[in-house]
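Inspection log for the structure reproduced underneath, given as structure tokens.
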Amino acid sequence: MRIILASASPRRRELLALITKEFTVYPVDADETLRPGAPLDAEVVRLSRLKAEAARRMHPDAVCIGSDTMVTIDGLPLGKPADVRQAADMLRHLRGRTHEVLTGLAVLPPDGAARTLCTRTRVTFRDFAEDELAAYLATGEPLDKAGAYGIQGRGALLVAGIEGDYYSVMGLPVAPLYEVLRGLGALRAG
Ligand SMILES: Cc1cn([C@H]2C[C@H](O)[C@@H](COP(=O)(O)OP(=O)(O)OP(=O)(O)O)O2)c(=O)[nH]c1=O
């Protein structure tokens with residue numbers, strides 16, 4: 001059974017490769033506008049499903065995977081920063097506090113119901129200094145990541161601790177996805 005990853009995220013590609021090397025990447029352009037007032041965990045699942053469904057239209061015979069990661073604090077969603085200034089604002093907002101990372105997952109088999117889930121991981125940031133913030137922004141790492149940080153990269157220096165799934169923060173709940181793909185018989189034995 002072919003597997004399609006409906007994502008342009010290099011991290012998602014890297015994480016899916018921990019499960020299987022046999023998949024194809026098919027980036028999709030889903031409208032990620034959030035519905036005002038909708039619960040954020042439902043929104044990340046809805047966006048994940050939008051991405052998977054866009055891929056399935058092109059690959060009806062495959063298992064299509066979509067995912068969406070959102071950083072939230074004080075009930076507000078933080079997506080990817082528009083520029084360095086917004087990245088600095090986001091990181092100052094997260095500094096010294098605990099925020100939640102929601103990662104949605106949608107797996108659409110060629111026939112049968114979609115499997116969806118949302119993981120919640122609490123991430124606590126150090127009360128890092130302005131010079132640390134400036135150094136982190138200068139790496140450019142914040143710009144293509146929800147919440148303006150990459151826990152798998154230099155963003156690790158900002159993190160005091162996490163409660164939940166590291167891989168979900170990075171962009172994909174690896175073990176839950178593995179269980180779904182095994183259940184679908186989508187993985188070669190072994
Ligand atoms: C919080 C966090 C996010 N991220 C990245 C993962 C995702 O690439 C991105 C979340 O934005 P998304 O909109 O979920 O994903 P994307 O636009 O990068 O890719 P696609 O929609 O095509 O799947 O932030 C990290 O790499 N590390 C982190 O610690």
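Every number for a ligand or one of its atoms is a count from 1 in the order of the listing. For reference, positions follow the sequence shown, starting with 1.
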**OP:** Could you tell me whether D61 and R2 make a salt bridge, using a distance below 4.0 angstrom between a side-chain N and a carboxylate O?
**Re:** yes
**OP:** Give the residue and atom name of whichever protein heavy atom lies nearest to atom 4 (N) of ligand 1, and the separation in Å to one decimal.
**Re:** M170 O, 3.7 Å
Original post:
Got the closest protein heavy atom to atom 24 (O) of ligand 1, with its distance?
Top reply: A146 N, 3.0 Å
Subject >> K145 neighbourhood, listing ligand 1 atoms whose heavy-atom distance to it stays under 4.0 Å >> reply: 4 (N), 5 (C), 24 (O), 25 (C), 26 (O)
Original post:
In the protein, what heavy atom is nearest to atom 2 (C) of ligand 1, and what distance, to one decimal place, separates them?
Top reply: V169 O, 3.1 Å
Subject >> Enumerated ligand 1 atoms positioned under 4.0 Å from heavy atoms of R11 >> reply: 5 (C), 8 (O), 26 (O)
Original post:
For ligand 1, is there an atom lying under 4.0 Å from some heavy atom of D68?
Top reply: yes
Subject >> Contact partition for K51 relative to ligand 1, non-hydrogen atoms under 4.0 Å >> reply: side chain
Subject >> Protein heavy atom at shortest distance from atom 13 (O) of ligand 1 >> reply: E32 OE1, 3.3 Å
**OP:** State whether R120 and E100 are salt-bridged, where the test is any N-O pair (Lys NZ or Arg NE/NH1/NH2 against Asp/Glu carboxylate O) under 4.0 Å.
**Re:** yes
**OP:** Flag G171 as yes when one of its N or O atoms lies below 3.5 Å from any N or O atom of ligand 1, and as no otherwise.
**Re:** no
Original post:
Do ligand 1 and A8 have nitrogen or oxygen atoms that lie under 3.5 Å from each other?
Top reply: yes
Subject >> salt_bridge(R46, E53) N-O dist < 4.0 Å >> reply: no
Subject >> Members sharing V28's hydrophobic cluster (side chains within less than 4.5 Å) >> reply: I4, Y26, M58
Original post:
Nearest protein heavy-atom contact for atom 15 (O) of ligand 1: which residue, which atom, what distance?
Top reply: R12 NH1, 2.9 Å
Original post:
Got the closest protein heavy atom to atom 18 (O) of ligand 1, with its distance?
Top reply: K80 NZ, 3.7 Å
Original post:
Considering only heavy atoms of Q152, which atoms of ligand 1 have at least one such atom less than 4.0 Å away?
Top reply: 25 (C), 26 (O), 27 (N), 28 (C), 29 (O)
Original post:
Are any side-chain N or O atoms of T72 and backbone N or O atoms of G75, one a donor and one an acceptor, separated by less than 3.5 Å?
Top reply: no
Original post:
What residue and heavy atom of the protein are closest to atom 29 (O) of ligand 1, and at what distance?
Top reply: I151 N, 2.7 Å
Subject >> Verify same cluster id: L16, Y178 (apolar side-chain graph, 4.5 Å) >> reply: yes
**OP:** Check ligand 1 against G150 and write out every atom of the ligand that is under 4.0 Å from a heavy-atom position of the residue.
**Re:** 27 (N), 28 (C), 29 (O)
Original post:
Does any N or O in the side chain of T121 come within less than 3.5 Å of the main-chain N or O of G164, such that one atom is a donor and the other an acceptor?
Top reply: no
Original post:
Is it true that K51 and D31 make a salt bridge, defined as a side-chain N closer than 4.0 Å to a carboxylate O?
Top reply: no
**OP:** Can you sort out the partners of D29 under side chain to side chain contact (heavy atoms under 4.5 Å, CB included), two or more places apart, ordered by chain and number?
**Re:** none
Subject >> Lys/Arg N to Asp/Glu carboxylate O, E179 vs R182, below 4.0 Å >> reply: no
